Amino acid sequence: MRIFIYPGSFDPVTNGHLDIIDRASKICDKLIVAVLINRSKKPVFSMEERVAFLDEILEGRPNIVVIPFSGLLVDFMKKQKATTVIKGLRAVSDFEYEFQMALLNKNLNPEIETLFMMTNINYSYLSSSAVRELAAYGGNIRDLVPDIIVDRIYAKFRSNE
Ligand code: COA
């Protein structure tokens, strides 16, 4: 069984992430969307909120599971019997950092492969921080994230005021 892993902060999940999730789930038997409990980044959305958004959006997709994780990705992958990390590349600027991460992970566990997918051209400008920034100032995020989370994203920023 080919188990792939798509790790990230998903603070919040965007249509760019979903495009990668969709395509990745077609080339493996099981895709784990791994939501990072991050020590260095302070997320706007709690772990529970980030996981709930993904769970709702991905409901009814039998080969996709959403699981929070902390610690090293390679350790989590071993526990989950995952062989391959999927990452999306949006622009050349992503390359250097992703290349370093892939090599670090390879160094920690040579059996792990990292596969890069080119992000859909329509989403190459998109990031979670762009969504957060727009939402905080009341900008339009409707084409950037799934419909079912739009209002909850706006509500979060209103409640933080
Ligand atoms: N579409 C839209 N946005 C995308 C995207 C896509 N396809 N792919 C990435 N992004 C954006 C994210 O939205 C995020 O945006 P932001 O910084 O503006 O909020 C940004 O790219 C970074 O993504 P993020 O989800 O924070 O992931 P990351 O690339 O920083 O890596 C892990 C996260 C989980 C892979 C990494 O931190 C990790 O493995 N941590 C565990 C510890 C470890 O093992 N470290 C490595 C060995 S030392």
Side-chain angles (χ1 to χ4, degrees), residues 1-38 41 43-95 97-99 101-102 105-106 109 112-135 140-154 156:
M1 176 137 124
R2 282 163 310 158
I3 304 177
F4 288 8
I5 200 148
Y6 180 49
S9 311
F10 305 105
D11 185 34
V13 60
T14 69
N15 287 339
H17 298 130
L18 291 173
D19 169 59
I20 301 286
I21 291 172
D22 246 353
R23 289 155 59 202
S25 69
K26 290 179 188 144
I27 56 167
C28 62
D29 300 303
K30 177 177 165 185
L31 179 70
I32 299 173
V33 179
V35 185
L36 179 69
I37 305 169
N38 203 326
K41 279 190 190 174
V44 167
F45 294 90
S46 69
M47 169 55 61
E48 290 73 24
E49 288 170 318
R50 287 179 282 144
V51 170
F53 287 173
L54 280 157
D55 272 339
E56 267 183 60
I57 293 158
L58 299 170
E59 201 193 320
R61 305 282 298 268
N63 74 331
I64 305 177
V65 289
V66 181
I67 309 178
F69 84 104
S70 59
L72 289 179
L73 182 64
V74 291
D75 293 338
F76 179 68
M77 288 180 71
K78 201 171 207 171
K79 212 168 97 195
Q80 298 293 332
K81 299 189 168 51
T83 54
T84 306
V85 186
I86 290 280
K87 301 276 341 224
L89 281 184
R90 289 164 299 174
V92 182
S93 48
D94 281 343
F95 177 79
Y97 172 72
E98 293 297 346
F99 187 51
M101 293 280 275
N105 285 332
K106 191 85 182 161
N109 182 350
I112 281 176
E113 293 299 345
T114 302
L115 275 187
F116 293 102
M117 277 189 164
M118 293 302 161
T119 296
N120 183 319
I121 188 83
N122 298 327
Y123 302 128
S124 58
Y125 59 90
L126 190 50
S127 70
S128 297
S129 52
V131 168
R132 295 194 300 270
E133 180 93 355
L134 279 169
N140 189 1
I141 59 166
R142 284 181 199 282
D143 294 331
L144 311 183
V145 301
D147 288 346
I148 58 170
I149 65 170
V150 166
D151 289 340
R152 273 176 283 170
I153 294 175
Y154 284 128
K156 180 79 182 181

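For reference, positions follow the sequence shown, starting with 1. Because the structure is predicted, anything quoted here is derived from the model rather than measured.
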Rounded to the nearest 0.5 Å, the CG atom of Leu31 sits from the CG atom of Asn63 at a distance of 7.0 Å

Say whether, by atom type as modelled, one donor and one acceptor occur between the side chain of Arg50 and the main chain of Leu36 under 3.5 angstrom. yes

Rounded to the nearest 0.5 angstrom, the CG-CD distance for Leu73 and Gln80 is 10.5 Å

Tell me, with the steps shown, if Thr83 and Phe4 meet side chain to side chain contact (heavy atoms under 4.5 Å, CB included).
CA-CA 6 Å; Thr83 54; Phe4 288 8; 4.2 Å; yes

* Asked: Does Arg132 use its side chain to pair, donor to acceptor, with the backbone of Asp11 at less than 3.5 Å?
  -> yes

The residue among Ile149, Val131, Val66, Leu58 that forms side-chain contact (heavy atoms from CB on, under 4.5 Å) with Val13 is Ile149

Checklist entry - Around Tyr125, counting heavy atoms of other residues, nucleotides and ligands shown, do more than 12 lie under 6.0 Å from its OH? => result yes

> Is Arg23 salt-bridged to Asp19, going by a charged N under 4.0 Å from an acidic O?
Replying inline: yes

Output for pair (Ile5 CD1, Ile67 CD1), nearest 0.5 Å, gives 7.0 Å

#### Entry: Tyr154 (side chain) donor-acceptor with Ile141 (main chain) under 3.5 angstrom
yes

The reported gap from CD1 in Ile3 to CE in Met77 (rounded to nearest 0.5 angstrom) is 9.5 Å

One should read off an interatomic distance between Leu115 CG and Ile86 CD1, to the nearest 0.5 angstrom, of 4.5 Å

Practice problem: Measure up the Phe76 and Phe69 rings against each other and bin them: parallel (under 30°), tilted (30 to 60°), perpendicular (over 60°). | Solution: parallel

Does Asn109 CG have over 12 foreign heavy atoms under 6.0 Å away?
yes

CZ (Arg2) and NZ (Lys30) are apart, to the nearest 0.5 Å, by 14.0 Å

>> I'd like to know if Glu49 pairs up with Arg152 as an ion pair, taking the criterion as any Lys NZ or Arg NE/NH1/NH2 lying under 4.0 Å from an Asp or Glu carboxylate oxygen.
In response: no

Can you confirm whether Asp29 is buried at CG, in the sense that more than 12 heavy atoms of other residues, nucleotides or ligands lie under 6.0 Å from that atom? yes

One pair to check against ring-ring contact (aromatic ring centres under 6.0 Å, His included): Phe45 and Phe53. What are the steps and the verdict? CA-CA 10 Å; Phe45 294 90; Phe53 287 173; 5.6 Å; yes

Start with the C-alpha gap between Arg61 and Asp22, add the side-chain angles, then the distance that decides, and say whether side chain to side chain contact (heavy atoms under 4.5 Å, CB included) holds. CA-CA 10 Å; Arg61 305 282 298 268; Asp22 246 353; 2.8 Å; yes

